[in-house]
2 protein chains.
Amino acid sequence: MQTEISQLLSDTVIALFQANGKLLEWGDAFTAPYGLTSARWQILGAIALASHQLTAPQIAEQMGVSRQGAQKQLNLLLEDGLLEKLPNPSHLRSPLYRLSTQGSALFERVNQAWQVHAAKSGAAFTEQALATTLHTLRLIAQLHEMPPQGEHDET
Amino acid sequence: MQTEISQLLSDTVIALFQANGKLLEWGDAFTAPYGLTSARWQILGAIALASHQLTAPQIAEQMGVSRQGAQKQLNLLLEDGLLEKLPNPSHLRSPLYRLSTQGSALFERVNQAWQVHAAKSGAAFTEQALATTLHTLRLIAQLHEMPPQGEHDET
DNA sequence: CCAACAATGAAAACCAGTTGTCAATTATTC
DNA sequence: GAATAATTGACAACTGGTTTTCATTGTTGG
């Protein structure tokens with residue numbers, strides 16, 4: 001029995017996949033002039049917008065990706081000199097990460113360009129529609145939350 | 001100048017990424033009992049719901065992935081016996097794909113389970129909210145459409 | 001007809017993520 | 001304080017996608 005709402009939900013999920021693909025592709029092109037990719041930009045953002053310095057597992061957590069996945073990008077960004085490690089006073093093995101001078105300047109530039117874009121394309125939406133979409137997306141994510149059976153994270 | 005709407009847009013994009021991740025993860029778990037993954041399911045769906053038989057490039061187009069990416073999965077699904085090639089009367093090299101008996105039965109089962117889930121979780125949303133979300137997502141996708149400079153697809 | 005060009009499948013290299021394993025460090029508990 | 005458990009970084013293998021390249025097949029124009 002295909003109800004109206006369940007059909008809408010199916011369509012929404014498909015639209016979500018497509019929007020995700022377009023955004024990643026767009027983000028890659030958008031950040032390419034700065035020598036970045038969507039993935040790198042996302043990590044820089046996570047670090048830049050954090051209120052304090054973060055360890056690798058904290059960054060992964062905050063981004064919703066695996067610890068190892070975040071670490072991979074962190075190592076690459078370190079090689080590129082966009083990040084730097086600080087010794088973690090309370091953890092010998094697990095350094096804190098912050099933007100290097102270079103990384104900070106770069107992120108600043110990208111972020112400013114993004115703000116311009118967001119302000120411009122924001123004109124295509126009503127505040128009401130965006131608020132509803134945001135809420136619905138969060139609900140969808142929550143509804144499809146998987147029981148955490150990862151490494152040994154939860155109790 | 002961070003307007004209210006551009007902040008909402010940024011938050012929505014982040015929520016979109018997270019929902020996408022959760023859905024893929026959920027889809028993998030959901031289809032695992034049937035021996036599928038999110039990716040395989042998506043391809044079966046594209047073929048099953050098409051009004052006529054499709055070639056590999058058509059399937060890729062319809063899914064919004066690259067020709068080569070779709071081909072990869074098609075070959076795997078062929079190996080698994082879920083699809084079969086039909087000789088294409090108007091194209092020697094480019095066969096048409098359709099679900100095999102086995103693939104058809106499998107998709108039927110998965111799809112029925114999905115319908116149950118969609119009907120159940122649809123209860124969490126109002127029709128209005130879903131419609132707005134669907135529309136907004138399509139608008140986001142459209143706004144971030146990249147100028148096609150691919151192989152030599154577009155005119 | 002046939003020469004140029006487009007579309008197709010196949011394969012390889014790569015990107016970005018995942019899980020699993022392992023050794024080392026940190027935290028907990030008795 | 002020592003044994004045990006959890007956290008962490010590094011590495012390898014895998015998934016699913018991308019682009020690039022190549023040989024082959026269709027298509028089209030002279």
Check: Would B:K85 and B:L96 satisfy side-chain contact (heavy atoms from CB on, under 4.5 Å), going step by step from the backbone distance to the final call?
Finding: CA-CA 6 Å; B:K85 288 193 221 187; B:L96 297 165; over 6 Å; no
For a quick check of understanding: with a heavy-atom distance under 4.0 Å over all strands, which category does [X] fall into, base, sugar-phosphate or nothing?
{"X": "B:S94", "value": "sugar-phosphate"}
{"X": "A:T37", "value": "sugar-phosphate"}
{"X": "A:T55", "value": "nothing"}

Next item on the list: Applying side chain to side chain donor-acceptor pair (under 3.5 Å) between A:H144 and each of B:E25, B:H117, B:K22, report the one that passes.
Entry: B:H117
Next item on the list: Report yes if a donor N or O on one partner sits less than 3.5 Å from an acceptor N or O on the other, where the partners are the side chain of A:Q68 and the base of C:dG20; otherwise report no.
Entry: yes
Next item on the list: Flag the pair B:Y97 / B:L54 as yes when at least one side-chain heavy-atom distance between them is below 4.5 Å, and no otherwise.
Entry: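 Of all side-chain heavy-atom pairs linking B:L54 with B:Y97, none is under 4.5 Å.
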Margin query: With a 4.5 Å cut-off on side-chain heavy atoms, are B:W26 and A:L143 touching?
Written below: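 Not touching, per the 4.5 Å side-chain cut-off.
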Checklist line | Pair A:Q128-A:T132, side-chain hydrogen bond (donor to acceptor under 3.5 Å, both in side chains): steps then yes or no | finding: CA-CA 6 Å; A:Q128 180 57 42; A:T132 297; 3.2 Å; yes
Check: When the nearest nucleotide of DNA chain C is assigned to B:R93 and to A:H91 on a heavy-atom basis, which residue is associated with the more 5' position?
Finding: B:R93
Margin query: Both A:S90 and B:P95 contact DNA chain C. Which one's nearest nucleotide lies toward the 5' end?
Written below: B:P95
Whole-Å distance separating the [atom1] atom of [X] from the [atom2] atom of [N]:
{"X": "A:N88", "N": "C:dA27", "atom1": "CG", "atom2": "C1'", "answer": "14 Å"}
{"X": "A:D28", "N": "D:dT18", "atom1": "CG", "atom2": "P", "answer": "12 Å"}
{"X": "B:R67", "N": "D:dC22", "atom1": "CZ", "atom2": "C1'", "answer": "11 Å"}
{"X": "A:L24", "N": "C:dG17", "atom1": "CG", "atom2": "P", "answer": "9 Å"}
{"X": "B:E25", "N": "C:dT19", "atom1": "CD", "atom2": "C1'", "answer": "12 Å"}
{"X": "B:L78", "N": "C:dA10", "atom1": "CG", "atom2": "C1'", "answer": "14 Å"}
{"X": "B:L23", "N": "D:dG16", "atom1": "CG", "atom2": "C1'", "answer": "17 Å"}
{"X": "B:L77", "N": "D:dT15", "atom1": "CG", "atom2": "P", "answer": "14 Å"}

Does a side-chain N or O of [X] approach OP1 or OP2 of [N] to a distance below 4.0 Å, or not?
{"X": "A:N75", "N": "D:dA10", "value": "yes"}
{"X": "B:Q71", "N": "C:dT8", "value": "no"}
{"X": "B:S66", "N": "D:dT18", "value": "yes"}

Note to self: Pick the closest DNA chain D nucleotide for A:K72 and for B:S38 by heavy atoms, then say which residue is nearer the 5' end.
What the structure shows: A:K72
Check: Between D:dT18, C:dG9, C:dG17, which nucleotide has the shortest distance from any of its atoms to the side chain of B:P57?
Finding: C:dG9
